[in-house]
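Along the sequence shown, the residues carry numbers beginning at 1.
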Amino acid sequence: MTYGIMGAMPDEVDQLCARLTGVTKETYAGVEYHQGRLGDKEVVVCCAGMGKANAASTVQVLITRYGVERLIFSGIAGNMTNRIGIGDVVVGQTVFYHDAELDMLAQSAPFLKEYTGDPALVKAALDACAACGVKAIAGRIATGDRFVGDAATKKAIEEACHPDCVEMEGAAVSQVAGRNGVPCVILRAMSDNADESGYDVLVVKKFSITEYVKTATDIVTRMLETL
């Protein structure tokens, strides 16, 4: 069994890459893929880049070129619920686009308007969060190519689809994984509240995500220990 582990930014995968043993690296179509072992599991770890197109193309490469059979995407997101706070985690039970014509998308494989996280991977993620002392919920993740950093956009998305968090890659990962019949799960640590303060923290001030990434790295590592 080979596991694919993805992030959108280098910081989101660097700590995982540092834990791998027996590593080989290959750059393909602009993405560097790290093949090795994490514990006793064969893994391929990569940084896809931000946005839906980067995520989708990287998933297909992981599956077609590297034979990935299960897929984990780990990163940060804007919080859209009062059920959790900054630093807590949403595990994608349901993942969908907030900026797409869903009826049109559902006319081609995998013929879905929303994508469901693989139950075994969702459970493993929730159990790993509990073991790491991280508050987590199985929730709804909304994906779009626009960074959500203002109250008006946040409110519009809340009213349209009621997500628990918002980000830029998860539905694309889930859609392409679904087309290929590959189980996947999306993990998101809350880094901001998807409003003006979030833009200021993440973009203007170049906020460091080191602590979020350390937590996510521990969670993914524990997941693989139990799978």
Side-chain angles (χ1 to χ4, degrees), residues 5-15 47-56 58 72-100 102 113-117 122 125-126 129 132 134-175 184-217 219-220:
I5 305 172
M6 298 173 59
M9 298 181 288
D11 287 351
E12 292 174 334
V13 298
D14 283 349
Q15 292 188 34
C47 169
M50 297 185 207
K52 297 182 291 188
N54 285 328
T58 302
I72 301 167
F73 188 103
S74 176
I76 59 174
N79 188 19
M80 302 279 281
T81 179
N82 58 14
R83 296 197 292 159
I84 54 174
I86 302 302
D88 298 334
V89 170
V90 176
V91 179
Q93 188 166 48
T94 306
V95 187
F96 53 91
Y97 297 106
H98 68 74
D99 64 349
L102 301 182
K113 296 180 182 180
E114 298 182 339
Y115 312 102
T116 301
V122 169
L126 293 171
C129 287
C132 291
V134 176
K135 183 177 180 179
I137 60 172
R140 291 170 54 80
I141 297 177
T143 298
D145 272 323
R146 179 178 179 179
F147 177 85
V148 180
D150 66 273
T153 301
K154 178 179 180 178
K155 181 179 179 182
I157 294 171
E158 285 177 331
E159 291 176 348
C161 49
H162 311 291
D164 292 306
C165 68
V166 64
E167 40 87 287
M168 297 175 64
E169 297 85 24
V173 172
S174 301
Q175 181 182 3
C184 77
V185 68
I186 311 299
L187 311 180
R188 291 292 185 176
M190 301 301 100
S191 59
D192 63 275
N193 287 311
D195 55 16
E196 286 80 2
S197 65
Y199 184 87
D200 186 53
V201 166
L202 290 172
V203 179
V204 178
K205 296 182 180 178
K206 303 296 184 183
F207 175 71
S208 171
I209 63 170
T210 302
E211 287 304 312
Y212 295 109
V213 172
K214 181 179 183 301
T215 299
T217 299
I219 291 167
V220 172

Kindly compute the distance separating [atom1] ([X]) from [atom2] ([Y]), expressed to the nearest 0.5 Å.
X	Y	atom1	atom2	result
Leu126	Gln93	CG	CD	8.5 Å
Ile86	Ser191	CD1	OG	6.5 Å
Ile137	Ile84	CD1	CD1	4.0 Å

Of all heavy-atom pairs between [X] and [Y], which one has the smallest distance, and what is that distance?
X	Y	value
Ile219	Cys129	CD1-SG, 3.6 Å
His98	Cys161	CB-SG, 3.9 Å
Gly7	Phe73	C-CZ, 3.8 Å
Gly75	Glu12	CA-OE2, 3.3 Å
Val122	Ala138	CG1-CB, 4.4 Å
Ala48	Met6	CB-CE, 3.7 Å

Check: [Y] and [X] side chains under 4.5 Å, non-hydrogen atoms:
X	Y	result
Met50	Phe147	no
Ile5	Val13	no
Asp99	Arg146	no

Main-chain N/O of Lys52 paired with Asp145 side-chain donor or acceptor, under 3.5 Å:
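Yes; judged by distance alone, with no hydrogens or angles, the pair exists.
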Check: residues 162-174 side-chain donor-acceptor pairs under 3.5 Å, at least two apart:
from   : atom 1 : to     : atom 2 : distance (Å)
His162 : ND1    : Glu158 : O      : 2.9
Asp164 : OD1    : Arg83  : NH2    : 3.1
Asp164 : OD2    : Arg83  : NH2    : 3.0
Asp164 : OD2    : Arg140 : N      : 2.8
Glu167 : OE1    : Thr143 : OG1    : 2.5
Glu167 : OE1    : Glu169 : N      : 3.3
Glu167 : OE1    : Gly170 : N      : 3.2
Glu167 : OE2    : Gly170 : N      : 2.8
Glu167 : OE2    : Arg188 : NE     : 3.0
Glu167 : OE2    : Arg188 : NH2    : 2.8
Glu169 : OE1    : Arg188 : NH2    : 2.8
Glu169 : OE2    : Gly51  : N      : 2.9
Ser174 : OG     : Gly170 : O      : 2.9

